K.L.:
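Sharing a structure, written as structure tokens. Questions coming.
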Amino acid sequence: MFHRDHSPCLFLLLFLLSTFCISSISHSQQSTWASKKMRMREKVRTMFYHAYDNYMTYAFPHDELKPLSKTYTDSLSELGNLKLEHLPQDYNGSALTLIESLSSLVIMGNNTEFEKAVLWLSENLKFDVDARINLFECNIRVLGGLVSAHLLASDSSKKLFQGTYNNQLLFLAEDLGKRFLPAFDTPTGLPYAWINLKYGVMENETTETSTSGCGSLILEMGALSKVTGDPRYESAALRALRKLWSMQSSLRLFGTTLDVETGEWIEFSSGIGAGVDSFYEYLLKAHILFGKEDFWRMFNSAYVAVQKYFRHGPWYHEADMRTGKATYWQLTSLQAFWPGLQVLIGDITAANSSHREFFHVWKRFGVLPERYLLDHRMIHPTEKYYPLRPELAESTFYLYQATKDPWYIEVGETIVNSLNLYTKVEGGFASVKDVTTMQLEDHQHSFFLAETCKYLYLLFDDSFVHETNYVFTTEGHPLPVLNAWHEKLPETYIPTNWTFMKRQPAASRISSMSLQVCPAITLKSGQHIESACHIPDARSDYRCLTDEDCGVDSTTCTRRSCSMAGYCGLWIF
Ligand SMILES: *[C@@H]1O[C@H](CO)[C@@H](O)[C@H](O)[C@H]1NC(C)=O
Ligand SMILES: *[C@@H]1O[C@H](CO)[C@@H](O)[C@H](O)[C@H]1NC(C)=O
Ligand SMILES: *[C@@H]1O[C@H](CO)[C@@H](O)[C@H](O)[C@H]1NC(C)=O
Ligand SMILES: *[C@@H]1O[C@H](CO)[C@@H](O)[C@H](O)[C@H]1NC(C)=O
Ligand SMILES: *[C@@H]1O[C@H](CO)[C@@H](O)[C@H](O)[C@H]1NC(C)=O
């Protein structure tokens, strides 16, 4: 079914970029790096099992581990639910952390534990519970975890099962997917943010949801339709996405929250962080997974608008979708995924410069604070926490794949050491409540196992992505890129001759996709091409201390420098 030499993913293109860099490093340096990577990989493996074994001992089958008190929380119904209404009395959890760990177990090569987990889930997991859950969270964590694990389990070349795999995970995923469908029964097709797994949409349910809540369902629900042959999941997600798309402003921007009954925006300000992030991510990843040209066009248009209105040098602020005027100047921990996305389109320079800013903030505080106010150069007074988020590790993994620059290995090492130093406790890994004091909070989020540990492991050992191309969902669950799922693959992304590609010199070390985002065109005077690379920054008066503060100029794609008076610009003498 899967033919490697026709596989389309950019991922492998990015591997090829690396051959050049590697050759400039001497043999002895290479073996030093190889042994460092192996040592770091084992360190990450130890972290994962410390988190996993403590979860299994103190929390399973409940949802997440409380590592300080060594107990559990049934957080599936709490996720994103601040008021904790509708918590079922006798709810015993949905083994959320186990589901989230499935693909990580496969990546780390623990087939026996994977099989054991699958068998337990198939016998015990039930979704017919009176629990009000967040559709977005349940989709990316539970449905995504199950569909991804199903695809891995049914890949016979992986031989994950001693016994026979009878699609047990698929039945669970399908049962869950059916329970999602009533959420989409609205006049607009935009889904409710909350749904009761047993009873559907509750009376008086809030009609407010987020852009991510409507725009990042297509990977999981699309994949569910592909594996079940039932088109309803993909159709529902696609209809919601198209409706959302139609709600963009004349500047091609989107807001953050909206009403699913009226289809009107509630919050007009948005950026690339909370409430919006995975919407952009899924436009591109849906294109890679399903090969539809439409997704690419949507992504490209949205990406250009982001670069035009949100970007300031290496940072991204927020802006009002109606006017494009900057609203909040802040760096949030969630935004750190963006460089990883930019790597997938080949925009390595932009990715590198943003990633450096996030890493700089990480080094300054030891971990990433949730929200950092760029204009005041201080942490947001009420968002000082770091809940073991994966985004910086994720971007570091992508950048290392694309460049093989050993510097990213050092970044990964710093991340691993900080996590072990500040967040490891006897009972697992604890979130940081306040990065200025490193005071801990009694919560080990499931995404620590699904994403943080996984991306760190893949940074040091990427053998999992050698045989098959995968798209990682926003929760880090791998979905294989299969020809059979592609309706029509744009020709530019199909490398027809890998041997030949491998020998291409450094000058062509950009993916064909990046040419569309950042066309290598010499601009004649007066000619204006709107691509992400030819958009000037919104403000030219950003204060800086060093050239590093100024990032890359988007008009010429060259580095900007910091003037003696402390302003960024292209100082050409
Ligand atoms: C949860 O566990 C308790 C104790 O084992 C049991 O009585 C109850 O029925 C369980 N609830 C559900 C929904 O299965
Ligand atoms: C798989 O995981 C289990 C549970 O943590 C552990 O006991 C076992 O040693 C692991 N096996 C491998 C091969 O890593
Ligand atoms: C729904 O809201 C109405 C008006 O506020 C109220 O009278 C009714 O009791 C609510 N129903 C439920 C089930 O909460
Ligand atoms: C990333 O940027 C730094 C300068 O900030 C540069 O030294 C390095 O070569 C860049 N790496 C890549 C892969 O572009
Ligand atoms: C790939 O390209 C190289 C160089 O042009 C050529 O020698 C080789 O035969 C090609 N391989 C295939 C499978 O087309």
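As the structure lists them, so they are numbered: ligands from 1, and atoms in each ligand from 1. Everything numeric in this text was worked out from a predicted model, so none of it was measured.
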K.L.:
Salt-bridged, D175 to K126, with N to O below 4.0 Å?
P.N.:
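No salt bridge links D175 with K126.
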
K.L.:
So, R389 and E370, do they make that salt bridge, N to O below 4.0 Å?
P.N.:
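Salt bridge between R389 and E370, a charged N being under 4.0 Å from a carboxylate O: yes.
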
K.L.:
Please work out whether any backbone atom (N, CA, C, O) or any side-chain heavy atom from C-beta onward of T112 is under 4.0 Å from ligand 2, and answer side chain, backbone, both or neither.
P.N.:
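For T112, there is no contact with ligand 2 at all, from either part.
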
K.L.:
Answer yes if the ring centres of H62 and Y72 are under 6.0 angstrom apart, and no otherwise.
P.N.:
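Aromatic pair counts; centres sit under 6.0 Å.
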
K.L.:
Run the salt-bridge test on R45 and E42 with the 4.0 Å N-O cut-off and return the result as yes or no.
P.N.:
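Yes, this pair counts.
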
K.L.:
When the aromatic ring centroids of W362 and Y386 are compared, is their separation below 6.0 Å?
P.N.:
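Aromatic pair counts; centres sit under 6.0 Å.
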
K.L.:
Just need the protein heavy atom nearest to atom 1 (C) of ligand 2, so name the residue and atom and give the distance.
P.N.:
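Among all protein heavy atoms, the one nearest atom 1 (C) of ligand 2 is N110 ND2, 1.4 Å.
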
K.L.:
Does the protein put any heavy atom within less than 4.0 Å of atom 11 (N) of ligand 2?
P.N.:
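At least one protein heavy atom is under 4.0 Å away.
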
K.L.:
Tell me, which protein residue and heavy-atom name are nearest atom 5 (O) of ligand 2, and how many Å apart are they?
P.N.:
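Ranking protein heavy atoms by distance from atom 5 (O) of ligand 2, first comes D53 OD1, 2.7 Å.
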
K.L.:
State whether any protein heavy atom lies less than 4.0 Å from atom 7 (O) of ligand 2.
P.N.:
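Under the 4.0 Å cut-off, atom 7 (O) of ligand 2 has no protein heavy-atom neighbours at all.
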
